[in-house]
Amino acid sequence: MTGAAAEAATVRREFARIHGRSPDGVWAAPGRVNLIGEHTDYNDGFALPMALPQTTVLAARRRADGLLRLHSAQGDGAITELAVADLVPGAVAGWARYPAGVVWALRDRGLPVGGADVHLDSTVPTGAGLSSSAALECALAVAYDELYGLRLSRPELARVAQYAENAFAGVPCGVMDQMASVCCAEGAALHLDSRTLEVRQVPFDLTGHGLRLLVLDTGVAHDLADGAYAALRGGCERAAALLGLAALRDLAEAELPGALAGLPDGLAPLVRHVVTENARVGRAVAALAAGEPEALGPLLTAGHASLRDDYRVSCPETDLAVAAAVAAGALGARMTGGGFGGSVIALVPAAAAGSVARAVTDAFAAAGFAAPAVLEAVPSPGARRLG
Ligand code: ADP
Ligand code: MG
């Protein structure tokens with residue numbers, strides 16, 4: 001049995017034990033790393049995420065009585081029971097607000113969905129900037145799409161999941177995490193236009209080029225629900241309005257010096273990050289299309305400097321992981337995800353993977369930080385039915 005088939009069998013068996021009958025199906029949705037294009041999605045900009053092999057696997061069965069009964073292997077053992085008709089923002093606390101939010105968001109769009117029994121299990125670390133929240137939302141969304149015969153497109157499913165996280169779970173995230181979870185393909189990075197939700201699969205062959213992509217989870221949990229993320233988002237929107245633009249995506253790199261001169265000191269660095277970051281996405285896509293993935297390295301490191309110095313969303317742990325990885329021979333490294341902690345990705349020559357991971361671990365020990373968890377990012381499939 002492959003890894004996915006074994007995980008599906010386990011989740012199916014656990015579902016039967018917990019809910020007392022067999023599920024209608026089993027679905028999976030992955031976590032992601034974003035190669036480049038951070039804090040660009042809510043500025044209508046570009047990103048280049050790829051799906052991780054780590055997934056959330058979810059078994060579900062329709063119920064006719066309008067009850068949503070949710071169980072997670074990562075929960076406290078209890079089943080959260082909710083009446084679908086009573087779901088309103090603010091009514092559900094804790095992890096259940098993510099899947100319940102998706103059901104609410106589908107109903108809010110006027111779609112005829114009812115209850116279900118649900119059990120899920122995930123290998124995506126939570127709060128590590130690898131998007132376990134989107135994996136959870138998207139696993140539920142693809143399951144409901146089939147259980148209730150909705151036939152929504154992938155971008156529509158991503159929008160529903162984002163709406164659930166924004167309006168029901170109270171996290172003002174952009175759409176990149178959800179688009180990555182539903183649209184990514186094996187062996188490719190996803191070139192995403194967050195304005196149109198157009199996507200292009202860009203082949204990303206690490207092994208063929210003697211490369212590996214390490215994920216260094218600093219263990220510092222971010223909390224995107226706090227005010228910092230919303231404040232950054234608001235700052236970008238204010239800057240776009242001052243510049244007379246619909247969104248910062250509409251400012252070209254060549255227009256940047258003139259635009260910065262007219263902005264208040266607090267907003268100029270935000271604009272510089274977003275505009276240069278969008279340009280870095282374009283350069284990264286060109287490098288991959290030219291068959292030169294190693295050219296991503298300097299773009300990653302420049303992206304990190306921009307997040308650290310202009311956007312100010314890094315932290316001592318992510319800065320140290322990037323510096324130590326690059327000093328030990330990584331071609332480039334950056335924090336991935338919203339920031340304030342989370343994970344760092346490092347593009348490394350395959351032969352240097354062990355020594356780079358050790359160098360970061362040693363640097364953390366020397367600084368008195370807890371040891372980072374080391375994963376490997378392999379471009380993996382997006383959300384799908386497993387059985
Ligand atoms: P990230 O998406 O980077 O992992 P978030 O703070 O956005 O971090 O989402 C993490 C939250 O998502 C967890 O605190 C939990 O509420 C919820 N979550 C994610 N995966 C699971 C899971 N398998 N079981 C229960 N809750 C989960
Ligand atoms: Mg999240």
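Order of listing sets the numbers, starting from 1, for every ligand and every atom in it.
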Point to revise | Modelled atom types, side-chain donor and acceptor of E146 and W27, under 3.5 Å | key: yes
Exercise for review: Show your working on side-chain contact (heavy atoms from CB on, under 4.5 Å) between H191 and L288 and close with a plain yes or no.
Suggested key: CA-CA 11 Å; H191 187 198; L288 292 186; over 6 Å; no
With heavy-atom distances below 4.0 Å as the criterion, list the atoms of ligand 1 near [X].
| X | value |
| --- | --- |
| P125 | 4 (O) |
| L120 | 22 (C), 23 (N), 24 (N) |
| G129 | 3 (O) |
| S122 | 23 (N) |
| L130 | 3 (O) |

Can you check whether [Y]'s main-chain N or O pairs, donor with acceptor, with [X]'s side chain at less than 3.5 Å?
| X | Y | result |
| --- | --- | --- |
| Q74 | S122 | yes |
| D117 | A60 | no |
| E156 | R151 | no |
| R233 | P172 | yes |

contact_flag [X] ligand 1 heavy-atom lt 4.0 Å:
| X | answer |
| --- | --- |
| G337 | no |
| G338 | no |
| S131 | yes |

Taking distance alone, with N or O pairs closer than 3.5 Å, would you say [X] contacts ligand 1?
| X | result |
| --- | --- |
| S133 | yes |
| G94 | no |
| T56 | no |
| S132 | yes |
| G127 | yes |

Counting only heavy atoms closer than 4.0 Å, does ligand 1 sit against the backbone of [X], its side chain, both, or neither?
| X | result |
| --- | --- |
| T126 | both |
| A135 | neither |
| S72 | side chain |

Practice item. Among N43, D193, N278, find the residue that satisfies the side chain to side chain donor-acceptor pair (under 3.5 Å) test when tested with R249. Key: D193
Review point. Among L299, V344, L300, which residue meets the side chain to side chain contact (heavy atoms under 4.5 Å, CB included) test with R334?
Key: L300
Check your understanding: With sequence neighbours left out, what residues match S306 under side-chain contact (heavy atoms from CB on, under 4.5 Å)?
Key -> H273, T276, R280, D310
Check your understanding: For the rings on Y229 and H39, is their centre-to-centre separation under 6.0 Å?
Key -> yes
Exercise for review: Please determine if the Mg ion (ligand 2) has an N/O/S atom from S132 lying under 2.8 Å away.
Suggested key: no
Check your understanding: Is the closest side-chain heavy-atom distance between R32 and C184 below 4.5 Å?
Key -> no
